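Every number for a ligand or one of its atoms is a count from 1 in the order of the listing. Note that these values count all heavy atoms, side chains included, but never hydrogens, waters or copies made by symmetry. What you are looking at is a predicted structure, and each value in this text was computed from that prediction instead of being measured.
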Amino acid sequence: MTTGTLDKAAFGDDFTWGVASAAFQVEGAPDADGKAPSIWDDLARRGKIPGVGADQGIRYYDRYKEDHELIASLGFGANRISLSWPRLMGNGRGPWNPKGAAFYDRVIDNMLEVGLEPWVTVYHWDMPLELWKRGGWCRRDIISEFADLAERCAEHFGDRVKRWMVFNEPTSIVGHLLVGMTHGRRGFHYDAMLRTTHHINLAGAEAGRRMRAVLPSDAQVGTTQVLSVVHPYEPTDERTVRRKRAIEAVLCDIHIDPAGGRGYPFDAAKALLPMRRHIRDGDLEAAEFRYDFMGLQCYGPLVGLKPMPVIGPIPTNNITTAEFRMQSAIGIPQDPDAMLWALRKYAHHPAADRLVITEGGFGGNDRLEADGSGVRDDVRVWTHRRNLQAVLTARSEGVPVDGYFAWSYADNVEWFFGRGPRFGLVYVDYEDDYRRIPKDSALWFREMLAGS
Ligand code: IFM
């Protein structure tokens, strides 16, 4: 197999190479050691997640050592995980669960032993069910409750964890809420989405400040976002330019502009104006926080600009497969240019000093070879290669981006899609004791990272 023109040395010695995952998607053990249920445990138990019942995740809770060894053997130097709020804080507001914390102590210590730098996300969507029932992100008190969690995590793990991310993809959190997926009330919850967006912006900044206050000076506090752009990337007619700006504002900029001191992009998107009723005096100042790095996660362009179906004020994705040759198993069009344009757009945003690709990857309907030896996942190799080429191009243009995390290390539970779409570099054979089998993409990374 060839790595084509991709040369690890071109990224420099300080570039971080990692893989990423999230607690609910990999851990399993939903009731172990005093863990309370999250909203996702609840959905799984109610049969709302295809193929996932009581046995969730991919047994990382028990097999993290084997997984870390495999990740390190592929040549990666970092492993991005997330902490489960209900594992650490039971129903959400404490008390702190020492047994839950001991699990992450073991995980982090083992990463350090095998040479993996831990990158840790505080919130990757698994809200305690109890907190959700009280109103979840719609309640204003959640801001301080979340900041308490973040501060406690920083205090407890900060002697070993130097790279932190407050949130994973607020766009997705509010998107799930918008269409009622996480609370089982299907419909269109636009006001709840706006309120949640504002609370998450305030919570991110408050958590960031409190974490920074207790972390050692060599630690960094970042966060991650869906940062993408609308295709076409350089429209020429004014109407299309306006429409493009409005969509990017609603789907991405509202989650990053307040941290950068820009407030909300009301000028670009009138659909956001109702949010003003949730903003209190002093909120815009409180939402400001300059992160050490911004995690950029771009799986494809946001939407196309042809006439498109609209649900309320949000346009849906109307890009056809034919237009972009292929799409992922969850319907995301694969476009070689989207990552580069996103890097360019967010290169010098005032919300962060620099960018890191905290997720990039491809979800496919992968099949194990008949002899069980591996998986031919050429599209995934193509995806990572072109993402990395985009990073190189962006760096040559002066974009400060200095890390790449493949989503995901191994196949796992893709939220509402269950075990269907596979994003891993490593295949998980659910029929055979969850055996881990490196796919061609894993071998491609191994060869590239070995520098041969
Ligand atoms: O699996 C998800 C992850 O949890 C968040 N970012 C997108 C991935 C693929 O859909």
Side-chain angles (χ1 to χ4, degrees), residues 18-28 38-41 43-44 48-52 56-58 60 79-85 119-127 165-179 181-182 200 222-228 251-252 255-256 294-302 317 326-335 338-339 342 355-366 377 379-380 383-384 387 403-428 439 441:
V19 292
S21 64
F24 171 75
Q25 293 179 275
V26 299
E27 284 178 5
S38 74
I39 50 175
W40 294 96
D41 297 330
L43 287 167
K48 306 281 184 199
I49 304 186
V52 179
Q56 302 165 10
I58 56 167
Y60 178 76
N79 186 28
R80 178 180 165 220
I81 59 165
S82 76
L83 305 174
S84 158
W85 189 342
W119 285 54
V120 173
T121 310
V122 181
Y123 185 82
H124 197 129
W125 311 353
D126 41 3
M127 168 159 294
M165 288 139 289
V166 179
F167 280 115
N168 186 72
E169 295 182 356
T171 299
S172 306
I173 302 170
V174 306
H176 296 156
L177 186 84
L178 176 73
V179 291
M181 287 170 111
T182 26
I200 288 179
T223 195
T224 84
Q225 299 284 355
V226 171
L227 295 180
S228 184
L251 295 180
C252 298
H255 301 291
I256 177 169
M294 184 61 61
L296 185 151
Q297 310 192 163
C298 172
Y299 285 84
L302 290 173
N317 194 328
M326 51 192 137
Q327 69 187 56
S328 73
I330 58 171
I332 300 177
Q334 298 301 294
D335 172 0
M339 175 78 83
L355 300 171
V356 174
I357 308 295
T358 38
E359 284 184 25
F362 176 79
N365 298 309
D366 301 354
D377 57 341
V379 180
R380 186 165 298 105
T383 303
H384 287 298
N387 283 348
Y404 185 86
F405 286 74
W407 183 272
S408 182
Y409 148 64
D411 297 335
N412 53 51
V413 179
E414 180 56 20
W415 308 105
F416 302 107
F417 297 94
R419 298 203 199 282
R422 291 173 178 266
F423 279 82
L425 303 179
V426 170
Y427 187 88
V428 175
K439 303 179 192 174
S441 54

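Close approach of ligand 1 to Trp415 is summarised as follows: ligand atoms under 4.0 Å from at least one heavy atom of the residue are 1 (O), 2 (C), 3 (C), 4 (O). The Asn168 neighbourhood of ligand 1 comprises atoms 5 (C), with distances under 4.0 Å to a heavy atom of that residue. Within ligand 1, counting atoms from 1 as listed, the ones closer than 4.0 Å to a heavy atom of Gln25 are 1 (O), 3 (C), 4 (O). Taking every heavy atom of Glu414 and a limit of under 4.0 angstrom, the matching atoms of ligand 1 come to 1 (O), 2 (C), 9 (C), 10 (O). Those atoms of ligand 1 that come under 4.0 Å of a heavy atom in His124, given as number and element, are 3 (C), 4 (O), 5 (C). With ligand atoms numbered from 1 in the order given, ligand 1 contributes 3 (C), 5 (C), 6 (N), 7 (C), 8 (C) to contacts under 4.0 Å with heavy atoms of Glu359.
Remark: side-chain polar atoms of Trp40 are paired, donor with acceptor, to backbone N or O of Trp125 under 3.5 angstrom.
Checked against the 6.0 Å centroid criterion, the rings of Tyr299 and Trp407 do not qualify as a close aromatic pair.
In terms of polar-atom proximity, Trp125 is not counted as a contact of ligand 1, lacking any N or O under 3.5 Å from an N or O of the ligand.
Side-chain contact between Gln297 and Ile357 is absent, with no heavy atoms from C-beta onward closer than 4.5 Å.
For Ser21, there are no side-chain hydrogen bond (donor to acceptor under 3.5 Å, both in side chains) partners at least two apart in sequence or on another chain.
Here Asn412 has no heavy atoms under 4.0 Å from ligand 1, in either its backbone or its side chain.
The shortest non-hydrogen separation linking Val413 to Ile49 is CG1-CG2, 4.0 Å. Contact detail for Phe423 and Arg380: the closest heavy-atom pair is O-NE, 3.6 Å.
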